[in-house]
Number of protein chains: 2
Amino acid sequence: MKSSEHGALTRNQELVYDALTDAKGPLSAYAILDGLREHGIRAPLQVYRALDKLLEFGLVHRLESLNSFVACSHPECDSRETMVFTICEKCGKVSELADKAIAGQLESLADLDHFALKAATVELRGFCQACQTASTQ
Amino acid sequence: MKSSEHGALTRNQELVYDALTDAKGPLSAYAILDGLREHGIRAPLQVYRALDKLLEFGLVHRLESLNSFVACSHPECDSRETMVFTICEKCGKVSELADKAIAGQLESLADLDHFALKAATVELRGFCQACQTASTQ
DNA sequence: CAATCAATGTTATTATATAACGGATTGGTA
DNA sequence: TACCAATCCGTTATATAATAACATTGATTG
Ligand SMILES: [Zn+2]
Ligand SMILES: [Zn+2]
Ligand SMILES: [Zn+2]
Ligand SMILES: [Zn+2]
């Protein structure tokens, strides 16, 4: 379970995780690095190693199309398998959607191709609600 | 339609597109560059500019999680909206799946969040059929 | 021809990620 | 305690991916 894992985070992991939860949006590894210099983080590897562990714990997800990272917004989502994100191309807002159905759909789609599915990345690009209404006024 | 667009490709676009179709697998921009040096391509920008156009034409897709590019394997697929790829984590094989249902599912999922969906990237990681049978022997 | 626009060539720079090495810390265990 | 193994840590250097800036070429067209 996550909350117990969270308690076991090392110092660097804690720093990186806090940076991501504070940000309430995706951050690149180098943006995290810049924000943590005053806390003693000096090199990219310190950030990347912490991120690797956080990804492994399921506390953080990687946004492939943005080369950046977000804290998981589903405290109970320990699946680590299928994540769905919306990415607003105007304001940059990112939301993580919870959906069981898509995971099943992708599973059966993979089966058709005899592909043993381990993990899925779904990234949706478009406009968030706020940016839609803003552009139609 | 694609075949007509293909006839209108410029020299650099043609070179890059041919490199991708010959490869029968994903290539990074720099791998393309290395393969085309003897044809007069010398700088990353020459490759990236050609790729931008090919992506726009729908002749090529970008694999976000691999930072690489593949020629579209669906001659009639001009949708340019929802692509689904399987990526074998053992042998690196990539397949582009054709599926109308997933696109609809993602559309309605986005609707729930009042998100105006423009394009979707779906990348499935796991093991291809060949690598499964190879690992169970 | 002159204006325009897309494509090109080149150099330099930024952004993202990993390799390689050694030292420090932790947790069990003889 | 002394030992071992595993993990985490810090540092330097390097690899890989993508873009900025600017000048030039070549086709289109009015
Ligand atoms: Zn999550
Ligand atoms: Zn928005
Ligand atoms: Zn395609
Ligand atoms: Zn395989």
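Since this is a predicted model, take the numbers as computed values, not measurements. Throughout, a chain's letter reflects where its sequence line sits, starting with A, and its residues are numbered from 1.
- Out of D/dT19, D/dG10, D/dT11, the shortest distance to the side chain of B/Tyr48 is found at D/dT19.
- A salt bridge is absent between B/Glu14 and B/Arg11; no separation between the charged side-chain nitrogens and carboxylate oxygens falls under 4.0 Å.
- One atom, CD1 of A/Ile32, and another, P of C/dA15, lie 16 Å apart when rounded to the nearest Å.
- Salt bridge annotation for B/Arg62-B/Glu64: present, with a cationic side-chain nitrogen under 4.0 angstrom from a carboxylate oxygen.
- Rounded to an integer number of Å, the gap from CG of A/Asn12 to C1' of C/dA24 is 13 Å.
- Side-chain N/O atoms of B/Tyr30 include none lying less than 4.0 angstrom from OP1 or OP2 on D/dA17.
- Closest to the B/Arg62 side chain, of the nucleotides D/dA18, C/dT8, C/dA7, is D/dA18.
- A donor-acceptor pair is defined here as one N or O able to donate and one able to accept, closer than 3.5 Å; no such pair exists between the side chain of A/Gln46 and the backbone of A/Ile41.
- No donor-acceptor pair under 3.5 Å is formed between the side chain of B/Gln105 and the backbone N or O of A/Ile102.
- Listed pair B/Arg42 / C/dT10 meets the phosphate criterion, a side-chain N or O lying under 4.0 Å from OP1 or OP2.
- For the pair A/Leu15 CG and D/dC9 P, the interatomic distance rounds to 10 Å; values are reported in whole Å.
- Look at B/Arg49 and you won't find any side-chain N or O under 4.0 angstrom from OP1 or OP2 of D/dA20.
- With the nearest nucleotide of DNA chain C identified for both B/Gln13 and A/Pro44, B/Gln13 has the one nearer the 5' end.
- Distance NE2 (A/His39) to C1' (D/dG10): 18 Å, rounded to an integer number of Å.
- As a whole-Å value, the separation of A/Ile41 CD1 from D/dC8 P is 14 Å.
- A close approach under 4.0 Å does not occur between any side-chain nitrogen or oxygen of B/Asn67 and OP1 or OP2 of C/dA17.
- Regarding B/Arg11, its CZ atom lies at a distance of 10 Å from the P atom of C/dT8, rounded to whole Å.
- Checking D/dT11, D/dT19, C/dT18 against every side-chain atom of A/Gln46, the shortest atom distance belongs to D/dT11.
- For C/dA7, the OP1/OP2 oxygens have no side-chain nitrogen or oxygen of B/Thr10 closer than 4.0 Å.
- Across C/dG9, C/dA17, C/dT11, the shortest atom-to-atom separation from the side chain of B/Ala43 is found for C/dT11.
- Rounded to whole angstrom, the span from the CG atom of A/Leu51 across to the C1' atom of C/dA17 amounts to 11 Å.
- If you take CG of B/Leu63 and C1' of D/dT16, they are 17 Å apart, rounded to a whole angstrom.
- Set against C/dT18, D/dT19, C/dA17, the side chain of A/Leu45 has C/dT18 as its closest nucleotide.
- With hydrogens and angles ignored, the 3.5 Å screen pairs a side-chain donor or acceptor of B/His74 with a backbone N or O of B/Glu96.
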